[in-house]
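Data first, discussion second: the structure below is written as structure tokens.
Each chain gets a letter, A, B and so on, in the order the sequences are listed, and its residues count up from 1. This is a predicted model, so every value here is computed, not measured.
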Number of protein chains: 2
Amino acid sequence: MGEVKLSASNLKEPWRAYMRRKGLKTTQQREAIVDAFLRTTGHVGLEALLSSARKANPGVGLATVYRTVKLLEEAGLAASRQFGSGQTLYEVSGQRAHHDHIICQQCQFIVEFESDEVEQLQSRVAHRLGFNILQHRHELFGLCEKAQGIPGGHCPSEKARKK
Amino acid sequence: MGEVKLSASNLKEPWRAYMRRKGLKTTQQREAIVDAFLRTTGHVGLEALLSSARKANPGVGLATVYRTVKLLEEAGLAASRQFGSGQTLYEVSGQRAHHDHIICQQCQFIVEFESDEVEQLQSRVAHRLGFNILQHRHELFGLCEKAQGIPGGHCPSEKARKK
DNA sequence: GTCCCTGCAAACTATTTGCACCGGG
DNA sequence: CCCGGTGCAAATAGTTTGCAGGGAC
């Protein structure tokens with residue numbers, strides 16, 4: 001089993017390829033935003049991405065972040081997620097295996113999981129319906145052990161309180 | 001296999017129970033909105049729900065629709081979906097078996113599917129992580145036959161153009 | 001009667017867009 | 001040079017909220 005570990009920096013090339021293919025320009029701002037984004041690990045909001053990008057280029061504006069992330073999405077390098085927060089969060093895609101999310105409705109904490117079986121099943125189902133799947137979003141909402149009141153149960157959010 | 005076909009009207013009782021349990025009042029507006037919602041089949045936007053509810057009670061306001069749908073969600077009778085449209089859509093839950101969605105990114109058309117296997121798998125995975133799942137959201141984004149350029153392929157949206 | 005509920009309009013939040021200027025190719 | 005890209009601010013879109021008056025219990 002040849003193990004291929006994709007690191008974020010490897011994704012810079014697909015990005016360049018995409019830009020070239022579309023005839024888009026490489027600007028300082030885009031570079032700053034894309035670099036900041038690819039350095040990202042969990043789920044980023046665009047405000048957070050903005051301040052991260054500003055470390056490399058203080059002049060970057062929020063609108064450009066929105067515009068650039070849209071490009072990243074089209075290039076297949078970013079995936080958007082809408083949890084219940086109202087804000088759209090993004091994560092680098094193609095980096096790890098597809099993974100999905102379980103959100104505790106009490107703690108608001110997000111756990112990631114992956115299941116090849118689910119992946120396979122869903123693509124089989126989709127194929128049967130004539131679809132070619134490009135992206136997917138799979139979110140389970142429920143209660144973690146602690147929220148269920150299980151004695152000794154704990155919540156992954158124990159020290160990652162929201163707000 | 002005893003087949004239990006839940007019709008929307010059956011859901012009126014759980015709703016009443018919820019209202020009683022929470023000590024909430026039954027008002028004309030709430031009745032109009034809930035009735036309109038339970039009559040619903042696909043995915044409704046709240047503007048649409050508003051005008052539907054206004055047929056029974058012209059005075060209903062949009063804010064009350066938002067407030068009431070939030071109650072329906074808490075009661076477990078409504079499930080929210082965010083497809084790419086920006087607007088949150090709702091559907092009656094508990095009516096049919098859990099079902100998930102495939103969205104064609106070109107036509108914007110939504111196909112529903114259900115897979116017991118996927119359901120089972122996902123709850124097993126969640127359980128392993130200590131979670132008790134209450135709701136879930138499973139959306140596949142891709143291209144329908146036509147959008148893929150398959151000769152003779154057709155798109156379910158053929159006559160259900162968006163907008 | 002007592003509060004909960006409601007409609008309206010204003011407030012908010014996230015995202016998009018118009019426009020004059022800037023800079024990459 | 002040309003035209004796409006950018007920042008800013010204003011414009012949108014969806015959703016929430018404050019408040020005075022009304023209705024359910």
Separation of C:dC8 P from B:Arg67 CZ (nearest whole Å): 11 Å

Nucleotide D:dT15, atom C1' - distance to CD of B:Gln87 in whole Å: 11 Å

Nucleotide nearest A:Thr88 when distance is taken to its side chain, options C:dT15, D:dC8, D:dG14: C:dT15

Atom-pair distance (CG on B:Leu62; P on D:dT17), nearest Å: 14 Å

B:His101 and B:Phe113 aromatic centres sub-6.0 Å: no

Atom-to-atom span, CD of A:Glu47 to C1' of C:dC12 - whole angstrom: 14 Å

Under 3.5 Å donor-acceptor, A:Arg81 side chain and A:Thr88 backbone: no

Nearest-neighbour nucleotide for the A:Tyr66 side chain, C:dT17, C:dT16, D:dT16 considered: C:dT16

Gap between atom CG of B:Leu77 and atom OH of B:Tyr90 - 0.5 Å precision: 13.5 Å

CD1-CG distance between A:Ile110 and A:Leu89, expressed to the nearest 0.5 angstrom: 7.0 Å

Spacing between B:Leu71 atom CG and C:dC4 atom P, to the nearest angstrom: 14 Å

Residue A:Gln28 excluded, over 12 heavy atoms near CD under 6.0 Å: no

Members of residues 24-31 of chain A that approach DNA chain D, where some heavy atom sits under 4.0 Å away: A:Leu24, A:Lys25, A:Thr27, A:Gln29, A:Arg30

Check: B:Ser93 side chain, B:Gly76 main-chain N or O, donor-acceptor pair, under 3.5 Å: yes

Atom-to-atom span, OH of A:Tyr90 to C1' of C:dT15 - whole angstrom: 9 Å

A:Ser123 side chain to A:Gln120 backbone, donor-acceptor under 3.5 Å: yes

Residue B:Lys70, side-chain atoms from C-beta onward, closest of D:dT15, D:dT16, C:dC8: D:dT16

Whichever of B:Leu46 and A:Arg54 has its nearest DNA chain D nucleotide further upstream toward 5': A:Arg54

Nucleotide D:dT15, atom P - distance to CD of B:Glu73 in whole Å: 11 Å

Touch class at under 4.0 angstrom, heavy-atom based, for A:Gly23 against every strand present: nothing

Protein-nucleotide distance (B:Lys22, atom NZ; C:dC4, atom P), rounded to Å: 15 Å

